[in-house]
There are 2 protein chains.
Amino acid sequence: MTLKLYTLSAADTARPFSPHGWKAVLALHHKGLAFEEIQVPFTRISEIANGAAKTVPVLIDGETIVTDSFAIAEHLEAAYPDRPSLFGGEGGRAMARFIERWSQTATVAALVPIILKDVHSCVVPEDKAYFRQSREARFGMTLEEVVADRQAAAAAYPSKLDALRHTLKFQLFIGGEGPLFADHIVFGCLQWARLVRPQWLLPAGDPVNDWFERCLDLYGGVGRSAPAAA
Amino acid sequence: MTLKLYTLSAADTARPFSPHGWKAVLALHHKGLAFEEIQVPFTRISEIANGAAKTVPVLIDGETIVTDSFAIAEHLEAAYPDRPSLFGGEGGRAMARFIERWSQTATVAALVPIILKDVHSCVVPEDKAYFRQSREARFGMTLEEVVADRQAAAAAYPSKLDALRHTLKFQLFIGGEGPLFADHIVFGCLQWARLVRPQWLLPAGDPVNDWFERCLDLYGGVGRSAPAAA
């Protein structure tokens, strides 16, 4: 039975921008598993699997329903142990969690004041009111206020990736000589920016660009198949 | 033949403060290896193993001389594969490098403007002139200028550990249910602060404190055997 992956709809269906969706998509490709991707708006997530999920991505694997991108990777690693590993062992599984928390607290948090209004522009029409209302409640200010200092935030953004930049002096991927789920995690974050914001955030010559290009090329170029925001 | 580990001398021999030395000490204990620790001043590192090293720690394992704490961990993992793993697999080895780079770029860099003058107070008398001169050349200002805003830097410090703090919602150690070299890396950084600065940098109730206490207890309490700065 084909796996089903529910991800977030985008106004431009060629540019599904959800960072967490990309993590799951790359994890499935890494495992070499066929899957059907079904895009749903924020406001219809409650219709997936009889209300089993509050967020996407959601993976349906036979009788198993898995929500949360990290849990999806853990499920795939346990259910398909003979396929290429997503973690490279138990230590890698534990440290991938650290890298996910770094990605969320250091890099996603730093992107919000840069791209949140761009994200609003990219959600499907039926999600726009929900997106504005939920994010304005979360941040305690209007979307426009969240991104009021976006030029300064964008200028400061490259430094948020210092840990990755310095790691790349030693190895091609966070996972070592080849990619692991830890790469998918950080890729998802930068792919989010690539798909919603026309201006790329890293300077020419930054080694992080070379790593990101390598990630765009993975698994037959699945990441590159979504065109950058223009 | 007993392993020899050269680490940095401290004015108070009970408080060897070098973060990189602690990484190597905990790695050796994790592997359950007996070793002799020899403390040397900065200004006598060139005398170790006929000038083989420019920094400490240095591990002498038979004919093998290993400099750099990460290389020491990699050597121990390769040379003593039947002992408890320091990385938990190849993915963990790769991701430990990311965590080391995070520790250096995010947390050690943030400690320098807080504790650099305290470190100067703790080096052995014969190192004081070298330490001042080399650090003032590196930072382009006096030690006193580096730490001029130390109160503000100390107040901002806890946020630098957000990635670790959030990881601890999921697991006891960076390495998962038990410690790995990634824990030793970040422990070394905070142990440095503990041994040179009388005021602890994290607020009561911070889950990072609980993790740090667990690390102080490891391997028979080797970390705790060095008393905190007073």
Side-chain angles (χ1 to χ4, degrees), chain A residues 27 30 68 70-71 73-74 77 81 84-110 158-187 189 207-208 211, chain B residues 27 30 68-71 73-74 77 81 84-110 158-186 189 207-208 211:
Chain A
H30 186 90
D68 177 79
F70 202 98
E74 289 181 316
E77 190 77 347
S85 175
L86 285 161
F87 296 118
E90 270 306 297
R93 194 195 58 71
M95 286 178 242
R97 179 62 85 179
F98 179 94
I99 290 163
E100 189 224 22
R101 292 293 95 193
W102 171 80
S103 184
Q104 287 297 114
T105 58
T107 76
V108 170
S159 70
K160 308 296 181 185
L161 300 174
D162 276 349
L164 173 58
R165 188 170 294 115
H166 286 250
T167 299
L168 296 171
K169 294 178 184 176
F170 295 90
Q171 54 207 42
L172 287 170
F173 292 94
I174 302 172
E177 291 309 299
L180 292 174
F181 187 60
D183 292 278
H184 305 160
I185 290 168
V186 187
F187 171 80
C189 167
V208 176
W211 165 83
Chain B
H30 187 90
D68 177 80
S69 59
F70 201 98
E74 289 181 314
E77 190 77 345
S85 176
L86 285 161
F87 296 118
E90 269 305 297
R93 193 196 57 74
M95 286 179 242
R97 179 63 84 179
F98 179 94
I99 289 163
E100 188 224 20
R101 293 294 95 194
W102 171 80
S103 183
Q104 287 297 112
T105 58
T107 76
V108 170
S159 70
K160 307 297 182 185
L161 299 175
D162 276 349
L164 173 58
R165 189 170 292 116
H166 286 250
T167 298
L168 296 171
K169 295 179 184 175
F170 296 88
Q171 54 207 42
L172 287 171
F173 291 94
I174 302 172
E177 291 311 298
L180 291 175
F181 186 60
D183 291 278
H184 305 162
I185 291 169
V186 187
C189 169
V208 175
W211 164 83

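Note that these values count all heavy atoms, side chains included, but never hydrogens, waters or copies made by symmetry. The chains referred to below are lettered A, B, ... by the order of the sequence lines, with proteins before strands, and numbering in each begins at 1.
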Determine whether B/His30 and B/Phe181 make a side-chain contact, defined as any pair of heavy atoms from C-beta on separated by less than 4.5 Å.
no
Under 4.5 Å from any heavy atom of chain B, what part of A/Phe170 do you find: side chain, backbone, both or neither?
side chain
Taking only heavy atoms into account, what residues of residues 100-110 of chain B are found under 4.5 Å from chain A?
B/Arg101, B/Trp102, B/Thr105
Applying side chain to side chain contact (heavy atoms under 4.5 Å, CB included) between B/Met95 and each of A/Arg97, A/Arg93, A/Met95, report the one that passes.
A/Met95
Of all residues at least two apart in sequence or in a different chain, which pass the salt bridge (Lys or Arg N to Asp or Glu O under 4.0 Å) check with A/Asp68?
none
Kindly compute the distance separating CZ (A/Phe98) from CD1 (A/Ile185), expressed to the nearest 0.5 Å.
12.0 Å
Please classify the contact of A/Leu168 with chain B as side chain, backbone, both or neither, using a heavy-atom distance under 4.5 Å.
neither
With a 4.5 Å heavy-atom cut-off, do A/Lys169 and A/Pro207 have their side chains touching?
no
Mark yes or no for whether A/Gln171, through its side chain, and A/Ile174, through its backbone, hold a donor-acceptor pair below 3.5 Å.
yes
Any idea which heavy atoms bring A/Leu172 and A/Trp211 closest together, and the distance?
O-CD1, 3.5 Å
I'd like to know which of A/Ala163, A/Gly176, A/Ser85 tops the heavy-atom pair count under 4.5 Å against chain B.
A/Ala163
Identify which part of B/Leu164 has an atom lying under 4.5 Å from any heavy atom of chain A, answering side chain, backbone, both or neither.
both
